[in-house]
Every structure is written in structure tokens, then in C-alpha cells.
Amino acid sequence: MFKNKNDIEVFRNKIWLSSPTMHGDEQKWVADAFDKNWITTAGENINEVEKAVAEYAGIEYAVALSCGTAALHLAIKLAGEKLYGQARPDQGTLQGHKVFCTDMTFDATVNPVAYEDGEAIFIDTEADTWNMSPKALEKAFEMYPDTRLVVIAHLYGVPGKLDEIVEICERHGAYIVEDAAESFGSLYKGKQTGGFSDFAAISFNGNKIITGSSGGMFLTNSKEYAEKVRKWSTQSREAAPWYQHEEIGYNYRMSNVIAGVVRGQLPYLEEHIAQKKAIYERYKEGFKGLPVSMNPYDSVNSQPNFWLSCLLIDEEAMCRQVRSDSEAVYISEDGKSCPTEILEVLAKFNAEGRPIWKPMHSQPIYSMHNFITENGSGRGRTNAYIAGVFSDVGSDIFRRGLCLPSDNKMTPEEQDIIIEIVRRCFE
Ligand SMILES: *Cc1c(COP(=O)(O)O)cnc(C)c1O
């Protein structure tokens, strides 16, 4: 229960969850685009960022697109075409085929499966990295052995259990689409996320580790795949004297102005990661003695980019909290708190937190879709969820977890105040 001693002032400048951090070079490259009049979806900034990202990530090809969602769409479409061919060029490539998807993530990870007329089956989360559970994935292959596509995300910048997931997918002859939108710069066994499949996406959305204001990239080691995505993203024009179209096209290419912002940001990626890591460590230290833990990662095999710092409240320290599809209420209790209370109190002090991504299997648009836990089918969780009874890991993290203000520009002093506010929620 939050106990206000009236000695904490409201932040004059809002403390953001994660806002853009500009350095000046961005404007130089944007100005360069203006000077050369390359105000279009081609130009030197685009060529340079494609080269620089591929080099940095240790991946052969990077294709600059309008956003991470576009990159995921074309990655999933392409995987579908490679697996199932393209019976009709004016239809989705997945045509009812099942696709195993990360459950606890932003809906942009999985919506492209629907764009391509596939059927997303949601796979429960594991507690060690908050990503797709290899055990639940194995269970899903037992139940649906014909499935050939798996879409995974690395949540909040923390790499998932890649060794296990890659092994399972190889054994079942399945392709992986890797959503590295939140994890650009994160490493697993020394290798960049996004490099564990030939269908990967990163994002330069405004709140990501580096930004172009918007933008994203498709990453692959296949020249053929890179060329295909580049063609699809520019309206699928064939080599002909007129606009000749044999495939459905998209207007998904990155603008050279946006690429200028990305070009200016790229040299600061490592600096941003170091800042985010320091924020995570400071929270971890500051919360010692509280009945909470930070979002976990595999410290032996992975180096996250620490994009967002998250908190998980111990079960015993949770006050009663009920969430419907649009509202949340809680009952204050001495010595206990809950995400709803902490988010509410942070907002009162002009600081921005965020709930954990609500699992896809409990989203109304996907309520008809199957959901697989380590124990098998977890379909019909919605009722149990309303009653406050859980048997899946994702819903439990959603219920007890939250994202903390994780802005690079937050000072240590400001972060100390955030820590004190959270501490007082448990008084
Ligand atoms: C941000 C994000 C995306 C989408 O990226 P955009 O560039 O905003 O389209 C996809 N997946 C995850 C997990 C994200 O966080």
C-alpha cells in the first residue's frame, strides 16, 4: 500500500518509459538527404544503414523498410512461400497452415500470420527469460506435427532459449521467424539476435533502443530472400518497360530521410545499451529487500540490450487486483502492492510505466485460437483469467509484472526517486 509522506515532489519533466535519445548527427544526415534532394525511398542514407546494420549484426543482408511490422510481414510471407509455394499470387501464403507463435508479446509479432491467412497457435512463456517455452513448443509439435513455422520474439531485449528452440525447429524441419524488434544489439552465445534464422526483423520505432522515428529492417543471410523482400517492398515491379506485376506488392520501403536519423543513431547503439544496463542494475540494487525480482535473463549465455527494465512481484506480496478487458481495480493492503497500484502511483508522480504485454491468447481478436502450455492445450484460459486462477506462465507474469521507467536520459537521482516510490508501495 503506497504510503505518501508528502516529501516526494511530482517530476517536473516527465520520466518516460523509453523515449528517443538524439545526439545531433541525425540532423546532419537528414540535412544531407535534403541537400542532395534524395527525399524518397532511395538514397545514400538507406544504402549506408543497410550496410552498417548488416555488418554490425554479422548478417549478410539488411533490407530497410518502413517499420518492424512490415519487416515481420514480409518475413512471414516469405517463409510461407518457401514452405508452401504460392498457389495464387493474390492470396496469403499461409492458407490456413498452423504457425506456432510467442504468446506474451506485442501483437505486431503475430498479426502478419493473419495477414497471410495462417492460423497462429500460441505457445506459453517460460519463467527464465520470459520468452517462448521450448517445453511448450515441443508439446505443440507433438500435438500438431505437420507445423513448419515458428515465430519467436526476444522480449524486452532479452534473448530467448535459442539453443533449445533452434534444435527443436531443426528436428521438426520448421523455419523460424525471429522478431528482434526489441532486442537489436542483444547477444546469445556471442551472436546477435536476428542471426538465428534467415527471416528476422528489427525495428527503429520511436521507443526502441535506437530509432529513426519509425523504420525497420529485414535481416537474412540469403541473397535470394533479401532481393525478394526488396522487390515486394517496392510494389513488386517486374523488369518491363511498363508497370508489370506478377506478384502482390507493398509500399514498405524506408524513406531516405528516416534512414538519415537511423544513420546518425547507429554509432550510439552501444552507448544506449550501456545506459540501459546501468538502469537495470541500479533498479536491481535499489529493490534489494523488497518482495520483487527483475525480469530475468541467462547471464551465462546471453547479453541482453536491457531495453526495458521490468519488475515481478512475489506472489505473497500481491494485493488483490482484478483486471477486465478494459479496467483494473485493486484493494490496498499493508505490506503488499500490485502492478495496477504501482503504475497508478508512478503516473501520479509524472513517471511512465507500462503493463507487461498482455498474452495473445487472452486478446479478444485471438480468443478462438489454440494455446499450448507445457502441459498441453491451455485453451479457454479467459474464464480462469477473470477468476484469477492461472495455469500458464504468461498470464502469471502479466498479472504480477510491470515495465518500469527505462529512459536513457533518466538521471541516477531521478531513478532513486522512482525506486523510493516503488518501495513505498510495499509499506
Ligand atoms: C516494436 C515492436 C514491433 C513492431 O515494430 P514497428 O517498427 O513499431 O512496426 C514488433 N514486435 C515487437 C516485439 C515490438 O516491440
Side-chain angles (χ1 to χ4, degrees), residues 16-20 41 49 53 62-77 79 99 101-116 120 122-123 125 129-132 150-160 162 165 176-186 193-194 196-197 199-219 229 233 250-255 258-259 261-262 265 269 272 276 295 304-310 352 354-360 363 365-366 394 397-398 401 403 406:
W16 297 94
L17 180 78
S18 183
S19 72
T41 50
V49 293
V53 166
V63 182
L65 300 172
S66 55
C67 60
T69 309
L72 282 160
H73 181 191
L74 298 187
I76 287 169
K77 181 186 175 72
V99 179
C101 297
T102 289
D103 179 51
M104 195 174 79
T105 183
F106 185 37
D107 73 340
T109 309
V110 302
N111 284 345
V113 172
Y115 303 166
E116 290 302 314
F122 300 111
I123 309 298
T125 309
T129 76
W130 293 9
N131 287 301
M132 182 187 280
V150 178
V151 180
I152 60 166
H154 303 290
L155 211 70
Y156 303 130
V158 176
L162 280 161
I165 285 174
I176 296 174
V177 169
E178 223 184 329
D179 178 357
E182 300 181 356
S183 66
F184 186 42
S186 302
T193 57
F196 289 82
S197 87
F199 310 91
I202 56 172
S203 164
F204 301 118
N205 176 297
N207 70 9
K208 297 283 157 51
I209 192 88
I210 59 166
T211 184
S213 72
S214 65
M217 281 191 186
F218 170 76
L219 307 180
V229 164
S233 74
Y250 302 84
N251 183 3
Y252 277 176
R253 194 76 165 128
M254 184 185 278
S255 147
I258 300 285
V261 183
V262 176
Q265 286 265 286
L269 174 59
H272 287 192
K276 295 278 193 184
N295 53 323
N305 67 7
F306 299 95
W307 175 56
L308 292 187
S309 286
C310 307
E352 184 188 29
R354 189 199 264 169
I356 299 297
W357 296 125
K358 181 174 173 175
M360 288 299 117
Q363 296 287 1
I365 41 169
Y366 291 121
I397 296 171
F398 173 63
C403 307
S406 306

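We count ligands from 1, going down the list as the structure has it; atoms in each ligand are counted the same way. Index from 1, following the sequence.
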Can you give me a line-by-line list of nitrogen or oxygen pairs between ligand 1 and the protein shorter than 3.5 Å?
from: ligand 1; atom 1: 5 (O); to: Ser203; atom 2: OG; distance (Å): 3.3
from: ligand 1; atom 1: 7 (O); to: Gly68; atom 2: N; distance (Å): 2.7
from: ligand 1; atom 1: 7 (O); to: Ser203; atom 2: OG; distance (Å): 2.7
from: ligand 1; atom 1: 8 (O); to: Asn205; atom 2: ND2; distance (Å): 3.0
from: ligand 1; atom 1: 9 (O); to: Gly68; atom 2: N; distance (Å): 3.3
from: ligand 1; atom 1: 9 (O); to: Thr69; atom 2: N; distance (Å): 2.8
from: ligand 1; atom 1: 9 (O); to: Thr69; atom 2: OG1; distance (Å): 2.5
from: ligand 1; atom 1: 11 (N); to: Asp179; atom 2: OD1; distance (Å): 3.4
from: ligand 1; atom 1: 11 (N); to: Asp179; atom 2: OD2; distance (Å): 2.7
from: ligand 1; atom 1: 15 (O); to: Glu182; atom 2: OE2; distance (Å): 2.5
from: ligand 1; atom 1: 15 (O); to: Lys208; atom 2: NZ; distance (Å): 3.3

Donor-acceptor pair, side chain of [X] and main chain of [Y], under 3.5 angstrom:
X      : Y      : answer
Ser186 : Asn305 : yes
Glu182 : Leu155 : no
Asn205 : Gly68  : no
Ser203 : Ala181 : no

Next item on the list: Using the test side-chain contact (heavy atoms from CB on, under 4.5 Å), find all partners of Ser66 that sit at least two apart in sequence or belong to another chain.
Entry: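 Applying side-chain contact (heavy atoms from CB on, under 4.5 Å) to Ser66 gives Ala70, Tyr252.
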Notebook entry, point to check: When the ring planes of Tyr156 and Trp130 are compared, do they come out parallel, tilted or perpendicular, using 30° and 60° as the limits?
Noted result: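 Plane angle over 60°, so perpendicular.
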